[in-house]
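Computed over heavy atoms, backbone and side chain alike; hydrogens, waters and symmetry mates excluded. The chains referred to below are lettered A, B, ... by the order of the sequence lines, with proteins before strands, and numbering in each begins at 1.
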Number of protein chains: 2
Amino acid sequence: MKKGGGNITTLKERILNSAVELFYKKGFEATGVREIAKKANVSTSMINYHFGSKKGILKEIMEIFFSQMNEFLDNEHIEEKDLEHRLRAAIKSLVFALRKNEKMFKIIMIQIPEDDKELVNLRVENLKKIIFKKVFMNEFKGFDSDIRYDIIGPALSGMIFSHFLLKDLIPQITGATFDDNFYEIYPDYIADIYLYGALKKLI
Amino acid sequence: MKKGGGNITTLKERILNSAVELFYKKGFEATGVREIAKKANVSTSMINYHFGSKKGILKEIMEIFFSQMNEFLDNEHIEEKDLEHRLRAAIKSLVFALRKNEKMFKIIMIQIPEDDKELVNLRVENLKKIIFKKVFMNEFKGFDSDIRYDIIGPALSGMIFSHFLLKDLIPQITGATFDDNFYEIYPDYIADIYLYGALKKLI
DNA sequence: CCTTTTTTCAAACGAACGTTCGATTTAATT
DNA sequence: AATTAAATCGAACGTTCGTTTGAAAAAAGG
């Protein structure tokens, strides 16, 4: 029952970790409970016992993910007067937080069964409350009403989200590698592009 | 057998259209062949007869999609000298093309089973050859080697791809609606943000 | 130590899965 | 018109699915 490093990993955690790996790699629907149970070295009925159902794992993943995002993103609500600094700080913490939980993020964004209204609503409400409100909407308050907030906010969220959603695909196309060095510069580079434009970099 | 407007829709096309709708809405794995067959008003064995297998539908979807993308994007290789104009034209045609095939695009990007090497490779090669080479990589040739192409290209692709990948989710969060008016201005707005930065819009 | 509660197991359940099969129907060819 | 080829069907196949069940094991409580 002991795992290296002195940490005790409960059977429930083992199921959860195994599920995250498998859902990330193959998708929720394509992953069977027998496969999760085998990877976690438990019997399949433990999934129902601890999570209520296969879908219950998704619910738990979401609760853990949004709880952690709430924690990471809350730290950044320092009262910066300057939009640029606020945005840079927000981007930095968001990239940091998503990187820490990138498997859960991807699962939540694209593996939630759309016919499960409870899970779908849970996702929307938490995305709204924890990520969008803090990073992509509050930052743009108080500007002109002519501004297309429906484009300008999602443009930034799209840059960042897509990085994590397509993170396994992009290296196959561009040959990029995403190591620690990469993430040292990524947030500010993205912020530069977003705030000042790509031409500033190119010309 | 006749469908309104004089078009003859073959049984094979009916299967394909039904599959696209269902794969888009529920995902590939969560959609069963019986459901596709019922929606197309055929017997399930027709899927195997015409497509070889359930996965054969995905292959056909990819072939159709990339064939159409190749057609739409090819028209934009006019010899513009100016980077800005080239990028604007490329963004415009890409948004137009993706909008026309947005269901197939989403299916291809997130519903291909990762353990099917043939389909995965087919996706990578065609994305590379038809979309990235034409829009996100050729446009940046000839600039400084200091430039992080691994960030600057995917930043633009991410803005646009994520729009279509998350198109059902974003309206639930921001209340945005994506009608024809929206798409009238979207490409140039995105190009503005990308080329000159969001600050230009806000300040 | 005994009793109760909780956890865990393996087997079983009923349903659903994608594919195959042989018969029939339709279309094409001679 | 007869024959051949292609398309279509419904039933069946073997496998897999998520969940339930009762027994056993482990943990907790008095």
Q.
So if I define the base as every atom that isn't primed, P, OP1 or OP2, how would nucleotides 18-23 of chain D read as a B/S/- string at a heavy-atom cutoff under 4.0 Å?
A. BBBB--

**Q.** Pairs where residues 110-129 of chain A contributes a residue and the test ring pair (Phe, Tyr, Trp, His ring centres under 6.0 Å) is met, not counting sequence neighbours
**A.**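 Every pair satisfying ring pair (Phe, Tyr, Trp, His ring centres under 6.0 Å) with a residue in residues 110-129 of chain A: there are none.
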
**Q.** side chain to side chain donor-acceptor pair (under 3.5 Å) partners for A:Ser45, two or more places apart
**A.** A:Ser43

Q) Can you list the residues that meet the side chain to side chain donor-acceptor pair (under 3.5 Å) rule with B:Glu21, with sequence neighbours excluded? A)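 B:Glu21 satisfies side chain to side chain donor-acceptor pair (under 3.5 Å) with B:Lys103 only.
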
Q: Return the set of residues passing side-chain contact (heavy atoms from CB on, under 4.5 Å) with B:Lys129 (not counting sequence neighbours), or none when no residue passes.
A: B:Asn126

Can you check the [X] [atom1] to [N] [atom2] distance for me, whole Å?
| X | N | atom1 | atom2 | result |
| --- | --- | --- | --- | --- |
| B:Leu11 | C:dA27 | CG | C1' | 15 Å |
| A:Lys38 | C:dC9 | NZ | P | 15 Å |
| B:Ile15 | D:dA7 | CD1 | P | 12 Å |
| B:Glu13 | D:dT8 | CD | P | 12 Å |
| B:Phe51 | C:dG18 | CZ | P | 15 Å |
| B:Met46 | D:dC9 | CE | C1' | 7 Å |
| B:Glu35 | C:dC17 | CD | P | 8 Å |

Q) Looking at A:Leu122, A:Leu127, A:Leu58, A:Ile61, which hits side chain to side chain contact (heavy atoms under 4.5 Å, CB included) with A:Ile108? A) A:Ile61

Q: Sorted by first residue and then second, give each side-chain hydrogen bond (donor to acceptor under 3.5 Å, both in side chains) pair with at least one member in residues 104-117 of chain B; sequence neighbours left out.
A: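 Passing the test, one end in residues 104-117 of chain B: B:Glu114-B:Arg123.
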
Q.
Going by the rule ring-ring contact (aromatic ring centres under 6.0 Å, His included), which residues pair with A:Phe28 if we only count those two or more places apart in sequence or in a different chain?
A. A:Phe23

Q.
Among residues at least two apart in sequence or on other chains, which ones pass ring-ring contact (aromatic ring centres under 6.0 Å, His included) with B:Tyr186?
A.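 Partners of B:Tyr186 under the ring-ring contact (aromatic ring centres under 6.0 Å, His included) test: B:His163, B:Phe182.
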
Q) For A:Glu35 and A:Lys39, what are the C-alpha separation, side-chain angles and deciding distance, and is it a salt bridge (Lys or Arg N to Asp or Glu O under 4.0 Å)? A) CA-CA 6 Å; A:Glu35 196 173 2; A:Lys39 191 176 175 68; over 6 Å; no

(Q) Looking at C:dT7, I'd like to know if its phosphate oxygens (OP1 or OP2) sit under 4.0 Å from a side-chain N or O belonging to A:Tyr49. (A)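 Yes, because at least one side-chain N or O of A:Tyr49 sits under 4.0 Å from OP1 or OP2 of C:dT7.
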
Q. Would you say C:dT8 has OP1 or OP2 under 4.0 Å from some side-chain N or O of A:His50?
A. yes

Q.
Expected output is a numbered-order residue list: members of residues 17-26 of chain B with a heavy atom under 4.0 Å from any atom of DNA chain C. What is it?
A.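 Nucleic-acid contacts, sorted: none.
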
